[in-house]
Each structure stands twice: as structure tokens, then as C-alpha cells.
Amino acid sequence: MQAADLPLIRTVSRPAVHPDGTWAIVAVTRPDLDADAAVGQLWRVPLVSTGSTSETGSTSETGSTSETGSTADIGDGSHRLTRGFRDTEPRFSPDGALVAFLRAEPQAAPQLWALPVGGGEAVQVTDRKLGVTDFRFSPDGKRLAFLSREPQPGRYGSVEGLGADAEGPRRITEWSWTRNGLGYHRDRPQHVYLVDVPDVEGEPVVQPAPTAQSEAEPRRTVPEPRRLTTDDVDHSGIAFTPDGRSIAVLAEREQGAGQVPRSILRVLPLGAGAEGGGSEVELGTLGPQAIAFGAGGELYVLAQDYGPEGKDFVARNAALYVLSAWADPEPRRLTDPETQELAGEPLPLPDGGVLLVLASRGTQQLVRITDDGTTTQLTSGDVVVSEYGVGGGTIAVAYRDAGSYGDLGVVDVVADAGLGRRTDFSAPLRAAGVVTPAELTVTGRDGYPVHGWVAVPEGRGPHPTLLMIHGGPYSYYDVGLFDETQVLVDAGYAVVYCNPRGSASYGQAHGRTIRQAMGTVDLHDVLDFLDGAVAADGRLDGSRVGVLGGSYGGYLTAWTIAHDHRFAGAIVERGYLDPEVFSGTSDIGSFFSQEYVGGTLEQVAAQSPQAVAGRVTTPTLVLHSEQDLRCPLSQAERYYSTLKRHGVETELVVFPGENHELSRSGRPRHRQQRFEVILDWWQRHLPVG
């Protein structure tokens, strides 16, 4: 895979499974270099096997792609259902007659649309100034609850002709006021709205034609929504009660000094005139992340326990809790956060229990958790399950593996036959050329096992070798196809990457090891893994090595080159480099550094790459995004300036308009240019023979 192959990357959304269980709808999204945006449409995929599908992990080529990038035959009977610019997040109505989804036009916010399954045109449901972010059908299918931001008067285009630079001053009193990828958010809180499902079979209602007194273009009239929430804070996590009379939401709550931002859980009645704060569900020290009601009215909550001071977030896994009724005083914990790392949204099953994702040693497996706490793993092997859906007894999942960036599969629970592939969206990407990394475990200097992978180009070598370090810290590399690795290998570099102590998916103890001890055993682990990989494979050239990483990986890269001078070059990307000034500049600065590196000046200095930047001699590329609010641009600027002052060969590359997510969801042209900058740096400092 090369940088120009970015348009071949296709990601698959949460599957909406039809109530009869025989087919599903997914959104398939890809970067488009011509549009310089992520584009995508909805696809209809049969779920009943006809014998032509392959098992997970197979790299059989069942699809083809034209030069325009449109997939011709991605599975048995699958076909494109919509042709919008970016159609995402499909959900069926309870009776399966409608599919609702989000549609975004170029340079416009996504709106809610409804499409009749039996045929016909999609009907627009909302026309919100700042768009719609999420939604749910009511149990009777007659209403839709959705999330949308409400701008304060005079802001964000609510007054025609008043640009952002001319808006009034912001008065800030909270600990947190920005979010990466969004910017200021206190003056455009996200509220919950309720709207009637339109009659998609009825006559269209349009505005009158323009008159001499009006220059407005005629357009279809959308139904008027009713706002349910009143507090001007962000809301999320909407869930209807089974009887449809109430809706549960998560409402942001202001925290004290150093506390982790978290939400409270409220249940709002939906009767006429019932707008208001609703009833708060007491969850103690829990920070709820996702909620769902079971068929019997039980309430499932996925939540982290931040402790009595509300600060204990480092490597704290979310656990699943259940309340037999939402007014219960005590939630009952069903899973062990010490060993089980859960993610996703609880999806209740008709016969009891819920589905969630369990992270384990660089994989993500689908699990079923029942009300007695029994956890049953429904998938296995080298897969990364990201989303899941249920209908008519059929369980479908969106997943990645070593040969796929995103596909749809069916879980065979009855025959215990594993995961059956139903699409092959990544066949064109494999045809462009990918390698399958080899799994490796290295015993470190203190006897600790370090788990990771090695990806090697074709040929006998020896190949120049790159040590790649992930972000987080409480994150992890996984077994799925990864564009970062593939582009570097295609250019002739062997890539070694691992999950050192501090990473996720190996239990809380593994992740908490570096709490207020960053740059200690995590540094040893990545270097030991590099040494072990070179020793285990003669194709790797241990005398020609480089190191790179982003976010926490940028931190550990900068820390590494201040302590080990073997590297021919380094790339420090979007790095957490200066903990001393992180607080007050980062969107997570109010709590992150205090728990990860400590609260005293001595602790901070002992773990700060900025404090030891004067020791660096390695040529270093500092790569950052202009609108990064997670690790602000000042982190890179100070670090670069220090290297420059000490005579280190260095370069600062800043991408305009991008945030912390450039490498994952930035503008496609910037993503391609980023790869070109990275490869140019390595060709100059670690050339391939």
C-alpha cells in the first residue's frame, strides 16, 4: 500500500440488521482525494450464506474495483443503496419498514433522513443549523429522538453576516471549555430533541414558491422537533424506556479541580408539558459512558469508577452495571474491570443479556454478558470487532483483520462456527499490496513479556528498521490492517511495534504500571522489543534504525532519543512533550498530567521530554496540526525551538486546519501529504538501499 492508495481504505459502520435477520444495511466510508473529504453511502448486504463467503482472516479476492474507486462486487448480492455525498449511521425502525440515517452534503452538517425500505425516495427529517450527531427510534417507531447542538444567539452563523471574528467575547468559568475536533462547546451545548417520524408515503409538503417579497428557494418542509433537555450542557447516550414513555440521557456535570469530566444519568418523561431536568439516577462514583434498557425495563450502564475523589482514571476499565429498575439505589456490577476491558454500547438481546466488545491482547472480541455476570465470547482469533447489530436472531458485526480494513460478518452462535465474512471491501487494497505482520513476544530485561508485531518488506534484507510507538498511553496496537505500517513497509522499511506497559488490552495492572512513572518501564519495553525483533529476524538491520510515534507515542519517542542515541532519525508527531504547560492549554489539561506524571514540579520535570530536550542529538522531524487542542501546537513549537537552539538537525511541519486526529480522519489530501513528508524524512535520514 502506498500513500496514493488512501481512497482504497473503506471503513464499515455499525450494521443495522433487519428485524427478519436476513439482511443488513451498513455505511461504507472512504477518503476521497478529489473531494478532499470522507465520502460514503449505505449498502444492503445479505446475511444468509449462499456458500460463497469466506471465513474471517481469509484474504480471498472476491471483489474488484474500477479506476474511479467504486466497488463492483464486494459480496454475494450486496449492492449500494444510497448515493449521497456522505450517508452514515443507518438504523431500522422497529417494524423494519424504514431506515433512518444521517446525510451530509459538502461543507454542510449532517441531517437526519428516513428511507422507505420498500422503495422510494429518502425524506429529510431535520434541518438543524449545526446538524445531528446521533438518534434513536422510539419503541413504537412513531418518533425519533436525536442529538443536536444549539448555538447561543449570535454565534456559529445564527445571525446572517456575523462571522466568527465578529462575535462577542466568551465568559469562561469552568475548568474545561474546548474539545479537540470541535473547539469551544459551552456556547453550543448538545441537547436531546424529539420529532415525529414523517409519512414517507404521503404527499410531500413544500414551502410556497418565492414571491417578490421573498428570495427564499422553495424546499420541503421538515417536521418541527421538540427539545427535551433544558440544562445548557452537553447531552449524549439517549435510550428509550421499553414502554416509550421516558428517555434516559447522559448530562455533562461540571467537576472540581483535577477531577475527570463525567456525566450524570437522567430519565426524562415524554408526556406533553413534561420538559425539564427529569429524575437523576444515582450512580455514586461511576462515570457512565453508554446506556441501554432491556426488554424488562432493566437499565444497563457501561461506566468507569473514578473513586471517591473523582480523579482515578489512569487505566481504569469500564465495567457493565445493571439496575433492575432505573430508580434502584444501587447498580449491580456484572464484570470485573481488573481483567475485562469493555467498550461499545450495551445492545440488549431478546432472550436476555447484552452484547459488548472485549479488548484482549491486541484483539477485540464480541461477548455476551448475562444478568448473573456470565461472559461468553462469541468471536475468537485475530479479529478487531468494532460494531455489532442484532435482528431476527442474527448477530452481525463490523470488524477488521490482517487482510481487511473493514468488513461485515455474521456470528454463528448455534453451530459455534465462528465469524463468517459477508463482504470484502478491502480486496482492492490487498491487490495494491499489503503484508501480514508476524506476532512476537519478547522477554524484557526485567523478565516482563512484551507483546507486539513485526512487519517486513519482501526480499532478504537487511532492511532499515523503524520502531513505531502508539498513542494513549492507555491504548494499543491491534491485529487489524493498519495503513501506517503498510505504507512504511511498501517503502522498504521493516516496522516493529508493540504494546509496552501502560498499554490497554492486557488488564488494569499492565496499564497502571506507568502512573506517575512515565518513561521508565515503558521505555525499557519498547527498546527491548526492538532488540528482540532484530535478534529474531535476520532481515532486520539493527545498525540502521529510526523511531516514530504520535501523541503519547510522540512523548515516548522524544523521551527515547534523549536517553538512547542509536537512532538515525526520529519523528515526533502531535506529542505530549511539555507537561508543565499542558494544564490550561489542552482540552484534557485540567486532569491528565496530574494523574499521569504527578502534581509536583519535581515529578513533572522527571518525566518531561521538554526538560531533557537538550540531551537530544538525533535528527528529529516535529510534525503537528495547527488546531490540535489535545496536544496543543505550543507543545511542538517549544520542543522544536529547544532542539534548534541546541544545534540538533530538526524540522517543524504544521498542517493547517487539522486537529489531533489528522492521521485517522484528517482531510484526505493532508493525510497523503503527511505520508509524503514522513517518507521524505526517512529517505533523507534512513535511506532504503
- Message: Distance check, rounded to the nearest 0.5 Å: L299 atom CG versus L265 atom CG?
- Response: 5.5 Å

- Message: Quick check: W23 with F92 (ring centres under 6.0 Å apart)?
- Response: yes

- Is it true that a side-chain atom of D87 and a backbone atom of L42 form a donor plus acceptor pair closer than 3.5 Å? no

- Indicate yes or no for a side-chain donor-acceptor contact from R91 to the backbone of F135 under 3.5 Å, with no hydrogens or angles considered. yes

- Message: For L408, is there any backbone N or O sitting under 3.5 Å from a side-chain donor or acceptor partner on T423?
- Response: yes

- Closest heavy-atom pair and its distance - A504, E341: CB-OE2, 3.4 Å

- Indicate yes or no: at least one non-hydrogen side-chain atom of Y576 is less than 4.5 angstrom from one of M518. yes

- Task: Using distance alone, with no hydrogens and no angle criterion, decide if Q41 and R80 have a side-chain donor and acceptor under 3.5 Å apart.
- Result: yes

Let me check something: any side-chain donor-acceptor pairs from residues 507-514 under 3.5 Å, sequence neighbours excluded? List them with distances.
from	atom 1	to	atom 2	distance (Å)
Q508	OE1	N317	N	2.8
Q508	NE2	E338	OE1	3.0
H510	ND1	Y448	OH	2.6
H510	NE2	P500	O	3.0
R512	NH1	D312	OD1	3.1
R512	NH1	V314	O	2.7
R512	NH2	D312	OD1	3.4
T513	OG1	A509	O	2.8
T513	OG1	H510	O	3.3

- Any chance the side chains of Q365 and T363 put a donor and an acceptor closer than 3.5 Å? yes

- Message: Just by distance, no angles: are the side chains of Q259 and E309 close enough, under 3.5 Å, to form a donor-acceptor pair?
- Response: no

- Item | D490 CG to D483 CG distance, which is reported to the nearest 0.5 Å | 12.5 Å

- Message: Looking at D407 and D424, would you say the former's side chain and the latter's main chain have a donor-acceptor pair under 3.5 Å?
- Response: yes

- Query: Can you find a pair of side-chain heavy atoms, one from T335 and one from L342, that are under 4.5 Å apart?
  - Reply: yes

- Query: Quick check: does any side chain N or O of S426 sit under 3.5 Å from a backbone N or O of Y405, one acting as donor and the other as acceptor?
  - Reply: yes

- Query: Got a donor-acceptor contact below 3.5 angstrom from the D525 side chain to the R501 backbone?
  - Reply: yes

- Note on the structure: With sequence neighbours left out, the residues meeting ring-ring contact (aromatic ring centres under 6.0 Å, His included) with Y300 are none

- Donor-acceptor pair, side chain of Q364 and main chain of V385, under 3.5 angstrom: yes

- Message: Quick check against the 3.5 Å criterion: does H235 have a side-chain atom that pairs as donor or acceptor with the backbone of A251?
- Response: no

- Do the non-hydrogen side-chain atoms of Y555 and I469 ever get within less than 4.5 Å of each other? no

- Task: Could you give me the CA-CA distance, side-chain angles and deciding distance for T441 and R361, then say whether side-chain contact (heavy atoms from CB on, under 4.5 Å) is met?
- Result: CA-CA 11 Å; T441 299; R361 290 182 60 81; 4.0 Å; yes

- Message: Which label fits F425 and W43: parallel for a plane angle under 30°, tilted from 30 to 60°, or perpendicular past 60°?
- Response: perpendicular

- Task: Would you give the length of the straight line joining atom CG of L481 to atom CG of D478, rounded to the nearest 0.5 angstrom?
- Result: 10.0 Å

- Donor-acceptor pair, side chain of R332 and main chain of D371, under 3.5 angstrom: yes

- Message: Let's go through M468 and E484 carefully: what are the C-alpha distance in whole Å and the side-chain angles of both, what is the deciding distance for side-chain contact (heavy atoms from CB on, under 4.5 Å) to 0.1 Å, and is it a yes or a no?
- Response: CA-CA 9 Å; M468 191 167 64; E484 302 281 329; 4.2 Å; yes

- Item | Distance (rounded to the nearest 0.5 Å) between D305 CG and T285 OG1 | 3.5 Å

- Message: Under a 3.5 Å distance rule, please check whether Q304 uses its side chain to pair with a backbone N or O of Y306 as donor and acceptor.
- Response: no

- Kindly indicate whether the side chain of L355, heavy atoms from C-beta on, has any atom under 4.5 Å from the side chain of I395. yes

- Note on the structure: Test side chain to side chain contact (heavy atoms under 4.5 Å, CB included), reference V354, set T370, V367, L320, L349, output is L320

- Message: Does this structure show an ion pair linking R136 with E89, if we count only N-O contacts that are shorter than 4.0 Å?
- Response: no

- Message: Is any side-chain heavy atom of R179 closer than 4.5 Å to one of D234?
- Response: yes

